[in-house]
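Report on the following structure.
Scope of the values below: all heavy atoms of this structure, side chains included, with no hydrogens, waters or symmetry mates. Naming: A, B, ... by sequence-line order, numbering from 1 per chain.
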Number of protein chains: 2
Amino acid sequence: MTSQLATKESTKTLLLESGIEIMLEKGYNNTGIMEVLKRTGVPKGSFYHYFESKEDFGLKIIDHFAEGHKEKLDKTLGDRSLSPLSRLKGFCRLAVSNFQSLNCRKGCLIGNLSQEMSDQSEVFRKRLLEIQGESHRRFADCIREGQQRGEISKKYNGDDLAELFLSVWSGAFVRAKTAKTIEPLHAVERLLFEHILVP
Amino acid sequence: MTSQLATKESTKTLLLESGIEIMLEKGYNNTGIMEVLKRTGVPKGSFYHYFESKEDFGLKIIDHFAEGHKEKLDKTLGDRSLSPLSRLKGFCRLAVSNFQSLNCRKGCLIGNLSQEMSDQSEVFRKRLLEIQGESHRRFADCIREGQQRGEISKKYNGDDLAELFLSVWSGAFVRAKTAKTIEPLHAVERLLFEHILVP
DNA sequence: TAACAGATTAGACCAGTCGTCTAGGGTATG
DNA sequence: CATACCCTAGACGACTGGTCTAATCTGTTA
């Protein structure tokens, strides 16, 4: 029974992670179940054993990705051994180097799906919004802490600044995906860390 | 002959404009030719008379949208009767009010398709990149002019600032689409015009 | 060992899409 | 009237994607 559960979980996880890979490049609408199945070698019938529908699969993928994303935030923004500003920098460096090692493809699933699905599905929109909100909160906390320490300029409202940070970041990723270079990310990093955030 | 041309052009334009409407909400992959045809009442056979393929249609849609976009830029950023900073503000106000009147849907086709198609089609990517570049150039020009006049802070590099402006703006639209409120746009506007841009 | 239950697989099935094709209708010109 | 060309009509084939049902496999229990 334990082995069954283990198998079940690993097949399911396999499908989810493979799905994340494909959806990162092709979006929700354009990724077909068959492609996920071919890549993993899982038979078609199994898919609908583990997931109710493509929509269910998509939502589970979002949750699975969000978990991984949360861990990344923990490792960067949550690292109390660094100053708040350094944590923000660390987050950016990690994101840029991941993106670069992927040949300027994919980007962030939450951002991609938010753009694609917000007008198409209320279920997706709401789930995505929750995750965005959680991210925003964590960035805002980090920024406010930096402001208290005098490391980040106090002239801005912390929530607004977090909003700007996230917006500029996700926008720059789209630019970078299109240009297939990390230069837009660097431009934005320079402005943020050399001028805007500093007091 | 003139009337034929007129008819031809109007049917073609009708298809393009209807296509823009649908693609703005559903993206490229998820909009079917049939839906465009149904909405316009144009018969299917005509579609392939005017366009070679769906891809051709998509690219023509991008061009058509880009023309309209250029006109919007002319009216806002190109209005020499206003100061550069006022032009930037005017652009933002117009964009926000359009977006609001559309119930926080759709956004900008170039941004949307850039996100969706950059990893999927080189043809699309290149065309989209050109248009982004053109936008960037126009914003950078306006910003530099503002800097020369002492209206915009000189401590930033003009190109970088244009990059930030466009990134933050498109990113905030995604946030706003997901949250279905214009608040993210306002937050970003406040920071931009009350703190970052001003000397 | 035999029966059973639940997990998993196989693939038939239907709906919908894209893109093509041929036949026909409209319209202006010689 | 004839002719040439633009446009329309919609059937059609090929294919894909998502769903569903029936069969199989596996492990447990009597």
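The distance from atom CG of B/L14 to atom P of D/dC7 is 14 Å, rounded to the nearest whole Å. Rounded to whole angstrom, the span from the CG atom of A/L15 across to the C1' atom of C/dT9 amounts to 13 Å. The separation between B/L37 atom CG and D/dT8 atom C1' is 11 Å, rounded to whole Å. Rounding to whole angstrom units, CE of residue A/M34 and P of D/dC15 are separated by 15 Å. Distance, B/Y28 OH to C/dT17 P: 15 Å, rounded to whole Å. A straight line from CZ of A/F51 to C1' of C/dA7 spans 15 Å, rounded to a whole angstrom.
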Give me, pair by pair, the N or O atoms of the protein and of nucleotides 19-24 of chain D that are less than 3.5 Å apart, along with how far apart they are.
{"residue": "D/dT19", "atom": "OP2", "partner": "A/Y48", "partner atom": "OH", "Å": "2.6"}

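A salt bridge links A/D74 with A/R138: at least one charged nitrogen is closer than 4.0 Å to a carboxylate oxygen.
Every residue two or more places apart in sequence or in another chain that forms a ring-ring contact (aromatic ring centres under 6.0 Å, His included) with A/Y28 is listed here: A/F124. With sequence neighbours left out, B/S114 forms a side-chain hydrogen bond (donor to acceptor under 3.5 Å, both in side chains) with B/Q132. Contacts of A/K106 classified as salt bridge (charged side-chain N to carboxylate O under 4.0 Å, His left out), with partners at least two apart in sequence or in another chain: A/E21.
For residues 125-153 of chain A, every residue pair satisfying the ring pair (Phe, Tyr, Trp, His ring centres under 6.0 Å) rule, not counting sequence neighbours, is listed here: A/F91-A/F139, A/F139-A/F165. Evaluation of the salt bridge (Lys or Arg N to Asp or Glu O under 4.0 Å) test over residues 83-92 of chain B, restricted to residues two or more places apart or in two chains, returns B/R87-B/E145.
Dashed line: the shortest gap from a side-chain N or O of A/S46 to OP1 or OP2 of C/dT8 is not under 4.0 Å. Within the 4.0 Å cut-off from OP1 or OP2 of C/dA7, not a single side-chain nitrogen or oxygen of A/H49 is found.
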